[in-house]
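Have a look at the structure below before the remarks.
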Amino acid sequence: MPELPEVEVVRAGVEPAVTGAVIAGVEVFEDRSLRRHDRALGPFGELLQGHRVLAAVRRGKFLWLPLDTGRALVVHLGMSGQVLLRSPGTDADAQLRIRLALDHPDHGEIWLNFVDQRIFGSMAVDTMAPTRDGLPAGFSGRAGGAWSGLIPSQVAHIARDPLDVSFSASSFLAALARKKTGIKRALLDQTLISGIGNIYADEALFAARLHYEQPAASLSPAKARVLLAAVRSILNRALAEGGTSFDAQYVNVNGQSGYFSHSLSVYGRQGKPCPVCGTPLVREQFMNRSSHLCPRCQRLR
DNA sequence: CAGGCTTCCTGCGCGC
DNA sequence: TGCGCGCAGGAAGCCT
């Protein structure tokens, strides 16, 4: 559920609290939340305890905190993950899986709670490797240090997201033209373009008037560019609504966050009129999940 | 080898 | 009322 805009709101929200902070304590309440942690590196807690966080970086839906050890704490929210900042001593949140006690030189002590109902999300300490192109690995709000050209090993196969300044539109369009699959599958393939999930895929396809099963390779270069522009526009709008103000971000990391549902045109709106032509929107099963579309505006060609 | 299906998970809402 | 089923979907891993 959390897609690029939601993860970016989390990243921006935690950045001031974690950058420069030392991890003073680690409590793991649910081992399954460490599924993506490689035990061969050492115990999760020991790899964090006493070490300093250098930044908060995001690529697509992956978030990571580079550490002074040369490694990083990788966070993925999965379906239901949340990162919440709390005052020390606060009652445990429901479905609290992992808690980090942070000691920040300016802001003092703060708890970073990783909450996750469905346990599809995870935290892991990971090694870092240089990016293939030598460019910054992802987005962060600060000037890059040595960490900026490094990417966690388990994120290395994830493509740059369409809001990344180093995203290559021409490479993406060329990859689309080679794909022997439907356009929605391609949009959801994080190795082609990252950050898009089921909700914004449906929204972008509606904006570009494309059916989810339209073969990716059948799109004209012009149509593919229209789709990419729609993706960027939808992600940017959601991002803007997610809070350009610090207050909005703070609310978010305090759990008041919501979805940007007020801006959705088709997702979850089956039976309601299409915003363009008035035809009732439909929901169809596809890829073991639901696709929302206007049967008139989005015809398979 | 790439495409696509299965599995992992829990809380909620609905129908019987 | 209470039970049980379906549904929500990100991504690794496995199968074809």
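Throughout, protein chains are lettered first and strands after them, A, B, ... in sequence-line order, and every chain is numbered starting at 1.
Proximity of Q298(A) to F206(A): side-chain heavy atoms (C-beta onward) are separated by under 4.5 Å at one or more points. Using a 4.5 Å heavy-atom threshold, the side chains of I98(A) and M123(A) count as touching.
In this structure E8(A) satisfies the salt bridge (Lys or Arg N to Asp or Glu O under 4.0 Å) test together with R11(A), R58(A), sequence neighbours excluded. Qualifying ring pair (Phe, Tyr, Trp, His ring centres under 6.0 Å) partners for F62(A), counting only residues two or more places apart in sequence or in other chains: H76(A). Under the salt bridge (Lys or Arg N to Asp or Glu O under 4.0 Å) criterion, E46(A) pairs with no residue, sequence neighbours left out. Take H51(A) and apply the ring pair (Phe, Tyr, Trp, His ring centres under 6.0 Å) test, not counting sequence neighbours, and it matches no residue. Not counting sequence neighbours, R71(A) has no partner by the salt bridge (Lys or Arg N to Asp or Glu O under 4.0 Å) test.
Here dG10(C) presents its C1' atom at 10 Å from CD of E3(A), a figure rounded to the nearest Å. Rounded to whole Å, the distance from CD on E6(A) to C1' on dG10(C) is 13 Å. If you take CZ of F114(A) and P of dC9(B), they are 13 Å apart, rounded to a whole angstrom. Atom CG in L188(A) sits roughly 14 Å away from atom P in dA12(C) (whole-Å rounding). Whole-Å rounding puts the L77(A) CG to dA11(C) C1' distance at 13 Å. Rounded to an integer number of Å, the gap from L4(A) CG to dG10(C) C1' is 14 Å. For the pair M79(A) CE and dA11(C) C1', the computed distance is 12 Å after rounding to whole Å. In this structure, N198(A) places its CG atom 12 Å from P of dA11(C), rounding to the nearest Å.
A salt bridge links R160(A) with D133(A): the closest approach of a Lys/Arg side-chain nitrogen to an acidic carboxylate oxygen falls below 4.0 angstrom.
No more than 12 heavy atoms of other residues, nucleotides or ligands shown are found within 6.0 angstrom of CG on D91(A).
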Could you pull out the protein-nucleic contacts involving nucleotides 10-12 of chain B (nitrogen or oxygen on both sides, under 3.5 Å)?
| unit_1 | atom_1 | unit_2 | atom_2 | d |
| --- | --- | --- | --- | --- |
| dT10(B) | OP1 | R32(A) | NH1 | 3.0 |
| dT10(B) | OP1 | R32(A) | NH2 | 2.8 |
| dG11(B) | O4' | Q117(A) | OE1 | 3.0 |

Which atoms of nucleotides 13-16 of chain C (N or O only) lie under 3.5 Å from a protein N or O atom, and what are those distances?
none

Just the atom pairs and distances: protein N or O near nucleotides 4-6 of chain B's N or O, under 3.5 Å.
| unit_1 | atom_1 | unit_2 | atom_2 | d |
| --- | --- | --- | --- | --- |
| dG4(B) | OP2 | T181(A) | OG1 | 2.4 |
| dC5(B) | OP2 | R185(A) | NH2 | 2.8 |

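Contact check, R36(A) against dA12(C): a side-chain N or O comes under 4.0 Å of OP1 or OP2. Applying the 4.0 Å criterion to OP1 and OP2 of dA11(C), one finds that R35(A) has every side-chain N and O outside that range. Dashed line: the shortest gap from a side-chain N or O of H76(A) to OP1 or OP2 of dA11(C) is under 4.0 Å. Checking the phosphate oxygens (OP1, OP2) of dA11(C), no side-chain nitrogen or oxygen of H157(A) falls inside 4.0 Å.
Relative to the ring axis of W111(A), R86(A) does not place its NZ or CZ within 45° and under 6.0 Å from the centre.
Nucleic acid contact for F286(A): none, since no nucleic acid atom lies under 4.0 Å from a heavy atom of the residue. Within the 4.0 angstrom heavy-atom criterion, only backbone atoms of the sugar-phosphate kind lie near S290(A); the bases stay farther away.
Exactly one residue among L47(A), V74(A), L73(A) makes a side-chain contact (heavy atoms from CB on, under 4.5 Å) with H37(A). That residue is L47(A).
DNA chain C contains the following stems of three or more consecutive Watson-Crick or G-U pairs, with both distances under 3.5 Å: B:2-16 with C:2-16.
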Could you list the donor-acceptor pairs under 3.5 angstrom formed by side chains in residues 134-144 of chain A, with sequence neighbours left out?
| unit_1 | atom_1 | unit_2 | atom_2 | d |
| --- | --- | --- | --- | --- |
| S140(A) | OG | R142(A) | N | 3.4 |
| S140(A) | OG | R142(A) | O | 3.3 |

In a table with atom names and distances, give each donor-acceptor pair under 3.5 Å that connects a side chain of residues 231-239 of chain A to protein atoms at least two apart or in another chain.
| unit_1 | atom_1 | unit_2 | atom_2 | d |
| --- | --- | --- | --- | --- |
| R232(A) | NE | P162(A) | O | 2.9 |
| R232(A) | NH2 | P162(A) | O | 3.4 |
| N236(A) | ND2 | R232(A) | O | 3.1 |

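Within the structure, every pair that satisfies the ring-ring contact (aromatic ring centres under 6.0 Å, His included) test and touches residues 273-301 of chain A, not counting sequence neighbours, is listed here: Y212(A)-F286(A), Y267(A)-H292(A).
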